[in-house]
Amino acid sequence: MALKNNVPEGPLAEKWTNYRGSMPLVAPNNKRRLEVIVVGTGLAGASAAATMGELGYNVKCFTFHDSPRRAHSIAAQGGINAAKNYQNDGDSVWRLFYDTIKGGDYRSREANVHRLAEASVSIIDQAVAQGVPLAREYGGLLANRSFGGVQVSRTFYARGQTGQQLLIGAYQALSRQISKGSVTMYNRHEMLDLVKIDGKARGIIARNLLTGKLERHAAHCVVMATGGYGNVFYLSTNAMGSNVSAGWRTVKRGALFANPCYTQIHPTCIPVSGDYQSKLTLMSESLRNDGRVWVPAKVEDAKAIREGRKTALDIPEADRDYFLERRYPAFGNLVPRDVASRAAKVECDKGHGIVATGNGVFLDFAEAIERYGKSAAHSQGLHNPGKDIITKLGTAVVEEKYGNLFEMYEKISGENPYKFPMKIYPAVHYTMGGIWVDYHLETNIPGLFCLGEANFSDHGANRLGASALMQGLADGYFVIPYTIGTFLSKEIRTPKISRDAPEFAAAEADVHKRLQGFLDIQGNQSVESFHRRLGKIMWEYCGMARNAEGLKKAIKLIQDLRKEFYSDLFVPGKQDEFNPELEKAARVADFIELGELFAVDALNRNESCGGHFREEYATPEGEAMRVDDEFTYTSAWEWTDVNSEPILHKEELIFDNVELKTRSYK
Amino acid sequence: MLKEKLKKMSHGNMNLTLKVWRQKSGQHKGNFETHKVQASEHMSFLEMLDVLNEKLISERKTPVAFEHDCREGICGSCSMVINGQPHGPQRGTTTCQLHMRQFNDGDVIAIEPFRAAAFPVIKDLVVDRSAFDRIIQSGGYISVNTGQAVDGNSIPIEKDLSGQAFDAATCIGCGACVAACPNASAMLFTSAKVSHLNLLPQGKVEAAQRVLSMVNQMDEEGFGMCSNITACEAECPKEISVDNIARMNREYISATLGSNKTA
Ligand SMILES: Cc1cc2nc3c(=O)[nH]c(=O)nc-3n(C[C@H](O)[C@H](O)[C@H](O)COP(=O)(O)OP(=O)(O)OC[C@H]3O[C@@H](n4cnc5c(N)ncnc54)[C@H](O)[C@@H]3O)c2cc1C
Ligand code: SF4
Ligand code: FES
């Protein structure tokens, strides 16, 4: 199979404009007859469904949630990037493009990334018009903050709830189309299979989660915006329900899975506190604007803190190691996520960790509180203010900026982060890998599109902060409404797709059999227990640092786990009822298979790049070492079956516009 | 080594008695079931329920159905009444963010679904809150198609005003306000959306029609009247203010007087 990425000809900066200017259009009367299925109502899905509804397509939208507004996107905290250059600090579409390519460690497709940077500008306008209350300055204009890996201030935000506010904006736009009848919404419906007719994606099998009944839904094409697969690690910052199944089911029908091993481990999360733990909580990257990351320079101090004999406040300034500032003076605490996470691991591995498990570092706001306090005192005309006043004023500023995050931290940890530095540790957060798509965001299955975190397209081997919201909304509002036309313009003579086609019956029977299979095992172990064990294997061998030996071991362990799963699983209840355990079983089964492919991919990629760090490929200072001669490609895997090796297809990455460099943040 | 440490930390140090509402479906009658669980003070309330469910599954019983997703207090999925209070005893906190350190060893904890005629029970603690979606669909948006927007900075908005709109927009659509209200009124939820949009210059054009349609839809869904008890504000995990209700009432009156549009 030759992979065609369908990138248009022409200079980089003109590709998208030319594409839009020359693509075939679909007339309004035809749009009404054309049916589009959108699976997912996160930023990508909701924006896509709303916009295609506005254009006049006949849209059916699905989510397994009880309401479109609950999608995982709601939890995004820190912000969204856009090349507006409102700060006059030298930003531009080119710079956003360049930062994203570099941040991705030169493993993404130039043309897609450039289009993303172009679209970023319109997203902010759209959000403001919808009434999204983005942060503002006193003059009434939009405010910005900085995020990791860049030297301009281009991140727009809504306190620490940017995802919530943007998703509500998209949800409202979607709701408007639902009320107009151009979008039919199917809540509590889970896509469990893709239906292909004559090679094209023509529908899905969805399970009504309330009744457990399987339903056939037909359309001229299918758009998936089903989110990331970070929960393959069990513990992650993702919502509990986030899963890979929609994507994985299409892989079973021939779609390719690209770069599964590219995972983002976010440096600032609340550390694991016990083995009952169900998920990990992110403390937004925006906190690194003002928080300084450190560990005690002396191992004895770290030990004393771990054992509760000392607190952070007992460690004098001279005995603190601000290791990011020390190692990366140019970017300091704002190095990209992969770099910051590995640095924290290195310190903890050396015995400097500060929580009982050994895995934790401090994120300290004392200096920021003092700095803001002094400046506030100054602007209030207070001369020689006392320390108390400075702390009080400074705390107020920090509270205004990050109040909800500090509150969240305190609820979870039981400690006051205004007084004691936060304790943080890296956790799985985002998956750059995903379903392979071309420039149209179309998979190798004609008529099957994939948007948002579910696809692999824009972030290469590492995503920069505040870029996922940007990508989700760019894909949904500004890319798919155009590119889908290229496919649908050829379908105007295709009559309504019938649900009675034998392909639907066959797919439905497959799903029914598979679900019954889980119920019939009647073993002794819960779904949750298998998921936890899978997560442990993944974190141990496929986490922040990987090596060939460990990955081989992981593959074997996952294969064994899979066998055990299919022989000793216990799922209570039956199919045709509301049965959350059965839902989870189907998802965990897919995570197990994906986990194996993940390790295979990581083993194949004999280099370190972005979030993929292979211990064998590191510089003497411990920095990642790419092997460009061999690995400047996207790995797109074709599934065969559980007993044989997946087939690797390579999409060579061609850099016409940027020069491949060693990524340095020093 | 690490495992051992984790084990020690998470060793259940609290013995609790749970009285959990069990209801097979909306058509069945429900009842309280009593269970004992061991929990640690570091667990979240939902992690404590996970422990219960793992125990039930190991006994080949049906786990307690409850709704949850983000477990960070933002998606609005979790919905249960704990000892008579929606989302439990801690102010400004969703169930998923409530931690067991708020309880004591030996406590008896009653857990029920959000109860309201407009939120029918689906199973155990899971209820149907789709009425909220329909209220939003009736007018909780600004009518602007993708691609029609002007530059974001061409509409300067006063910081305080934007802050007020934001405060209202932080509603997570959980429905605790309805569950807290003796009349099962949805005024706090509806008014939060009306305030969010009507305060902003972008939302002014449709302000009158919006409030009329949304209030009308709210009534149609069978939510009760507001009689100014303000239990909603007290139980709202996002501390949405009842000032929004007053604002909506004013807007509603002026919309009925000032326009001949019908809702
Ligand atoms: C805690 C946290 C904070 C973050 N903060 C930021 C940030 O500040 N800035 C930033 O840019 N990014 C951030 N991210 C990343 C970003 O939030 C996500 O990458 C992004 O929101 C994903 O959006 P999406 O639309 O692709 O998918 P999602 O929001 O995950 O939506 C997936 C949708 O698909 C549906 N679905 C999935 N499978 C099925 C199925 N089989 N059948 C039916 N429906 C299905 C779900 O119901 C849901 O509606 C953060 C992520 C986390 C975890
Ligand atoms: S107003 Fe408060 S209680 Fe009511 S739905 Fe919104 S967040 Fe929940
Ligand atoms: S689970 Fe999301 S708010 Fe509680």
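Naming convention: chains lettered A, B, ... in sequence-line order (proteins, then strands); numbering from 1 in each chain.
At a 4.5 Å heavy-atom cutoff, the contact between B/S143 and chain A is made by backbone and side-chain atoms alike. Heavy atoms closer than 4.5 Å to chain B are found in the backbone of A/L134, but not in its side chain. Proximity to chain B (any heavy atom under 4.5 Å) is restricted, for A/L280, to the backbone atoms N, CA, C and O. In this structure, the portions of B/Q137 lying under 4.5 Å from any heavy atom of chain A include both its backbone and its side chain. Within the 4.5 angstrom heavy-atom criterion, no atom of B/L98 approaches chain A. Residue A/S413 touches chain B through its backbone alone, counting heavy-atom pairs closer than 4.5 Å. Looking at A/N524, the atoms closer than 4.5 Å to chain B (heavy atoms on both sides) sit in the backbone and in the side chain alike. With a threshold of 4.5 angstrom between heavy atoms, A/L142 approaches chain B through its backbone and through its side chain. Of the two parts of B/A169, the backbone and the side chain both hold a non-hydrogen atom closer than 4.5 Å to a non-hydrogen atom of chain A. Contacts of B/L197 with chain A are made by side-chain atoms alone, with heavy-atom separations under 4.5 Å and no backbone atom involved. The part of A/N187 that comes within reach of chain B is its side chain, from C-beta onward, which places non-hydrogen atoms under 4.5 angstrom from that chain. Interface remark: A/I412 contributes backbone and side-chain atoms alike to the contact with chain B (heavy atom separation under 4.5 Å). Contact annotation for A/L141: both backbone and side-chain heavy atoms come within less than 4.5 Å of a heavy atom of chain B. Both the backbone and the side chain of A/Q277 come within less than 4.5 Å of a heavy atom in chain B. Only the side chain of B/L200 comes within less than 4.5 Å of a heavy atom of chain A; its backbone N, CA, C and O stay farther away.
Rounded to the nearest 0.5 Å, atoms OG (B/S130) and CG (A/D66) are 8.0 Å apart. A distance of 5.0 Å separates OG in B/S77 from CZ in A/R70, rounded to the nearest 0.5 Å. In this structure, A/I168 CD1 and B/Y141 OH are separated by 15.5 Å, a value rounded to the nearest 0.5 Å.
At a threshold of 4.5 Å between non-hydrogen side-chain atoms, the residues A/H72 and B/C70 do not count as touching. Between B/D133 and A/P68 the shortest side-chain heavy-atom distance falls below 4.5 Å.
The side chain to side chain contact (heavy atoms under 4.5 Å, CB included) search around B/V64 returns B/V20, B/R22, B/L52, B/N53, B/L56, B/D124, B/L125, not counting sequence neighbours.
Each of A/F578, A/F570, A/Y477 has some count of heavy-atom pairs under 4.5 Å with chain B, and the biggest count is that of A/F570. In terms of heavy-atom pairs under 4.5 Å with chain A, the best-connected choice from B/R101, B/R134, B/R129, B/E158 is B/R101. The candidate with the highest count of non-hydrogen atom pairs below 4.5 Å against chain A, out of B/I155, B/T170, B/V51, is B/T170. Between chain A and the options B/M48, B/K61, B/H196, heavy-atom pairs under 4.5 Å are most frequent for B/H196. For the set A/Q130, A/K84, A/Q172, the count of heavy-atom pairs under 4.5 angstrom toward chain B peaks at A/Q172. Comparing A/S529, A/A129, A/A75, A/A135 by how many heavy-atom pairs each has under 4.5 Å with chain B, the most go to A/A129. Counting heavy-atom pairs closer than 4.5 Å to chain A, the top residue among B/Q90, B/E41, B/E54, B/Q102 is B/E54. Note on B/V150, B/T62, B/L161: by heavy-atom pairs under 4.5 Å with chain A, the leading option is B/V150. Residue with the most contacts toward chain A among B/P156, B/A165, B/S44, B/S25: B/P156 (heavy-atom pairs, distance under 4.5 Å). Counting heavy-atom pairs under 4.5 Å between each of A/P481, A/S526, A/G163 and chain B puts A/S526 at the top. Residue with the most contacts toward chain B among A/P572, A/G131, A/A173: A/G131 (heavy-atom pairs, distance under 4.5 Å). Your options are A/E137, A/Q165, A/E528, and the one with the most heavy-atom pairs under 4.5 Å with chain B is A/Q165.
Looking at A/D125, its side chain does come within 3.5 Å of a backbone N or O of B/G152 through a donor-acceptor pair. Formation of a donor-acceptor pair under 3.5 Å by the A/Q164 side chain with backbone atoms of B/I74 is not found in this model. Between the side chain of B/K159 and the main chain of A/R136, a donor-acceptor pair closer than 3.5 Å is present.
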Might you work through the side chain to side chain contact (heavy atoms under 4.5 Å, CB included) test for B/S40 and A/Y276, ending with a clear yes or no?
CA-CA 9 Å; B/S40 132; A/Y276 50 77; 4.0 Å; yes

Would A/L210 and B/I122 count as a side chain to side chain contact (heavy atoms under 4.5 Å, CB included) here? Give the steps.
CA-CA 8 Å; A/L210 288 181; B/I122 290 170; 3.6 Å; yes

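When every heavy atom of A/A158 is checked against every heavy atom of B/F166, the shortest pair comes out as CB-CE1, 3.5 Å. Taking both residues in full, the closest heavy atoms of A/Y171 and B/F132 are given as OH-O, 4.4 Å, listed atom of the first, atom of the second, then distance. Considering all non-hydrogen atoms of both residues, B/V144 and A/Q126 come closest at O-NE2, 3.9 Å.
The pair B/R91-A/E407 does not count as a salt bridge, with every side-chain nitrogen at least 4.0 angstrom from each carboxylate oxygen. For A/R159 and B/D167, the salt-bridge test passes: some basic side-chain N is under 4.0 Å from an acidic carboxylate O. Look at A/K279 and B/E72 and you find a salt bridge, because one of the NZ, NE, NH1 or NH2 atoms lies within 4.0 Å of a carboxylate O, short of that distance.
A/H65 and B/D69 are linked by a side-chain donor-acceptor pair at a separation below 3.5 angstrom, with hydrogens and angles left out of the test. B/N145 and A/R176 share a donor-acceptor pair across their side chains, judged by distance under 3.5 Å alone. Between the side chains of A/S278 and B/R71, a donor-acceptor pair is found at a separation under 3.5 Å. With hydrogens and angles left out, the side-chain atoms of A/Y86 and B/D151 include a donor and acceptor closer than 3.5 Å.
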Just list the side-chain donor-acceptor pairs under 3.5 Å for residues 46-54 of chain A, sequence neighbours left out, or say none.
| residue | atom | partner | partner atom | Å |
| --- | --- | --- | --- | --- |
| A/S47 | OG | A/L43 | O | 2.5 |
| A/S47 | OG | A/A44 | O | 3.1 |
| A/T51 | OG1 | A/S47 | O | 2.7 |
| A/T51 | OG1 | B/T146 | OG1 | 2.8 |
| A/E54 | OE1 | B/T146 | N | 2.8 |
| A/E54 | OE1 | B/T146 | OG1 | 3.3 |

